[in-house]
2 protein chains.
Amino acid sequence: MQRPIQKRTLKTRARLISAAEDVIQKSGYEALRVEEVVQAAGVAKGTFFAHFRDKDALMEILLAEKLNACLDQAEAEKPPKSVPQIIAALEPVHSFMTVERYVFDLLIRYSGATAIAEIGPIAYFFERYFRVVMMWLEDANIRQDVPSELLAEGVQAFAIQTMSLKFCALHASTSFSDRLKVYLEAWLTPAR
Amino acid sequence: MQRPIQKRTLKTRARLISAAEDVIQKSGYEALRVEEVVQAAGVAKGTFFAHFRDKDALMEILLAEKLNACLDQAEAEKPPKSVPQIIAALEPVHSFMTVERYVFDLLIRYSGATAIAEIGPIAYFFERYFRVVMMWLEDANIRQDVPSELLAEGVQAFAIQTMSLKFCALHASTSFSDRLKVYLEAWLTPAR
DNA sequence: TCCTAAAATTGACCATGGTCACTTTGTAAG
DNA sequence: CTTACAAAGTGACCATGGTCAATTTTAGGA
């Protein structure tokens, strides 16, 4: 027989998340230490792992929340129709995804669901990103020879490629938006 | 004053690498433990880190060697001209890149040079992959409206996207090659 | 109010990657 | 052959994520 979740649980969880946000605010995502979070929240280490499978699980929650907030914002605006408009609409998302190399790596690692029954917050976010872009593309003035589902997957692939190159010293000359624009124009409006 | 490297150094390094290969052979990349390698090689732990910056640095060396061998093979064959041929030529590379989730994550993490002066073996491999594909594309029967450099970057982006989806339970229905074929045909031979 | 079982929490302990002050070994110069 | 010094190697120790048996807290029913 399953008992209801105690109020105390929610409070502890909230304290842990809040403490983690404070730590990140102060010194960034990569510098977060479980020990520090736990001390700031005033609980034992074991409690942390009773609430989150592992450190990454907490990170997933924190990152996905921020990313979803960016997408909320993008969805609230008028749907973009052109490549530059799409890039502009996604700018906050891409910007946050690349605040830290550590964050980007984490996002990539958890971008796919590892099992059907276990879609993590980040995998869920990527699905949403895909759906939002696909909807935009359906009403945009772009190529019509392939389904917009495919085009949206491509946008995601090029966005990740561009973000990846942002961290690469060999390709630091071109700016992020310029590079993505070149990719997406070639992908969405090919001259043949 | 710089003295020449001692023979002993090379021997120790070779023993470490060989021991690591044995361990991997036996139980895979993710299961590799520095302690185990060091014991098998008969040296102290500190010696390991005198030869490799960290565990990942050894992994980079081991992975890059395998990947370069795959590319050697691909380059030895007659250059592929069509999308299916290109996919077939790259199959061994892509196959090895996705033997383990752990391996794929590592490759992505080190795919870019972190600093101009520090191009790691894996970043170097990705450069080479790009150059090889670009050369193939220059003589292939594909779109000519954008430079083949851009097309090659796109192939890389789609290959990574496809590999990424291979690990994702949500997209497990389509086979790897089929999915990549759809992407590359839309990218390289758009109907507009 | 008291009892009890499930839920929540605890913290000592473990696993593993990585560091560094110290020791040993190789070798070039005298 | 010695000597001196740099290179190579050592292993105790540290940092940090994660585990689990034991303990405390909660709340529903007698």
Side-chain angles (χ1 to χ4, degrees), chain A residues 1-20 23-24 26-63 100-103 105-106 109-110 114 120, chain B residues 1-20 23-24 26-63 100-103 105-106 109-110 114 120:
Chain A
M1 151 96 195
Q2 191 79 354
R3 289 195 185 178
I5 294 168
Q6 299 176 10
K7 268 176 298 180
R8 150 174 85 143
T9 308
L10 299 174
K11 227 159 69 181
T12 304
R13 188 192 155 93
R15 277 229 305 286
L16 281 167
I17 288 184
S18 162
V23 172
I24 288 163
K26 187 161 60 68
S27 37
Y29 287 91
E30 181 160 19
L32 185 138
R33 295 284 167 273
V34 172
E35 192 59 49
E36 200 180 349
V37 171
V38 148
Q39 263 176 22
V43 299
K45 206 173 189 177
T47 303
F48 181 99
F49 293 97
H51 285 262
F52 310 101
R53 181 201 311 287
D54 53 23
K55 181 177 149 175
D56 286 358
L58 169 64
M59 284 295 183
E60 274 208 85
I61 291 167
L62 297 176
L63 293 175
E100 286 178 38
R101 172 87 225 200
Y102 171 80
V103 167
D105 287 338
L106 241 163
R109 184 147 11 115
Y110 292 102
T114 35
Chain B
M1 153 97 195
Q2 192 76 356
R3 289 196 186 179
I5 294 168
Q6 298 176 11
K7 271 176 295 179
R8 153 173 82 143
T9 308
L10 299 174
K11 227 159 71 181
T12 305
R13 187 190 155 94
R15 276 229 305 286
L16 281 166
I17 288 185
S18 162
V23 172
I24 288 163
K26 187 162 58 69
S27 37
Y29 287 91
E30 182 160 20
L32 185 137
R33 295 285 168 272
V34 173
E35 192 60 48
E36 200 179 350
V37 172
V38 148
Q39 264 177 19
V43 300
K45 207 174 190 177
T47 303
F48 182 99
F49 293 99
H51 285 262
F52 310 102
R53 181 201 310 288
D54 53 24
K55 181 177 151 175
D56 286 357
L58 170 64
M59 285 294 184
E60 275 208 85
I61 291 167
L62 298 175
L63 294 175
E100 288 179 36
R101 173 86 225 199
Y102 170 80
V103 167
D105 287 340
L106 241 162
R109 182 147 12 115
Y110 292 103
T114 34

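Below, chain A is the first sequence line, B the second, and so on; all start at residue 1.
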- Query: What's the NZ-C1' distance between A/Lys11 and D/dT26, to the nearest Å?
  - Reply: 13 Å
Could you list the donor-acceptor pairs under 3.5 angstrom formed between side-chain atoms of residues 33-45 of chain B and any protein atom two or more places apart in sequence or on another chain?
unit_1: B/Arg33; atom_1: NH1; unit_2: B/Glu30; atom_2: O; d: 3.4
unit_1: B/Glu36; atom_1: OE2; unit_2: B/Lys26; atom_2: NZ; d: 3.3

- Task: Compare side-chain N and O positions of B/His51 against OP1 and OP2 of D/dG9 and report whether any pair is under 4.0 Å apart.
- Result: yes
- Pairs involving residues 30-56 of chain B, ordered by first then second residue, that meet ring pair (Phe, Tyr, Trp, His ring centres under 6.0 Å) (sequence neighbours left out): B/Phe48-B/Phe52
- Can you tell me how far P of C/dT9 sits from NZ of A/Lys7, to the nearest Å? 14 Å
- Residue B/Ala44, side-chain heavy atoms: nucleotide from D/dT10, C/dG11, D/dA8 that is nearest: D/dT10
- Hits for side chain to side chain contact (heavy atoms under 4.5 Å, CB included) against A/Ala50, two or more places apart or cross-chain, chain-then-number order -> none
- Query: Taking atom C1' of D/dA8 as reference, at what distance in whole Å does atom CG of B/Leu16 sit?
  - Reply: 12 Å
- Who are the side chain to side chain contact (heavy atoms under 4.5 Å, CB included) partners of B/Ser18, not counting sequence neighbours? B/Asp22
- Query: How does protein contact run along nucleotides 13-25 of chain D, one letter per nucleotide 5' to 3', with B for base contact, S for sugar-phosphate only, - for none, heavy atoms under 4.0 Å?
  - Reply: ---SBBBB----B
- Item | Contacts of type side chain to side chain contact (heavy atoms under 4.5 Å, CB included), residue B/Tyr29, not counting sequence neighbours | B/Ile24, B/Met59, B/Leu63, B/Lys66, B/Phe96, B/Glu100, B/Tyr102, B/Val103
- Message: What verdict does the salt bridge (Lys or Arg N to Asp or Glu O under 4.0 Å) test give for A/Arg109 and A/Asp105, after you've listed the backbone C-alpha separation in whole Å, the side-chain angles of each residue and the deciding distance to 0.1 Å?
- Response: CA-CA 6 Å; A/Arg109 184 147 11 115; A/Asp105 287 338; 5.9 Å; no
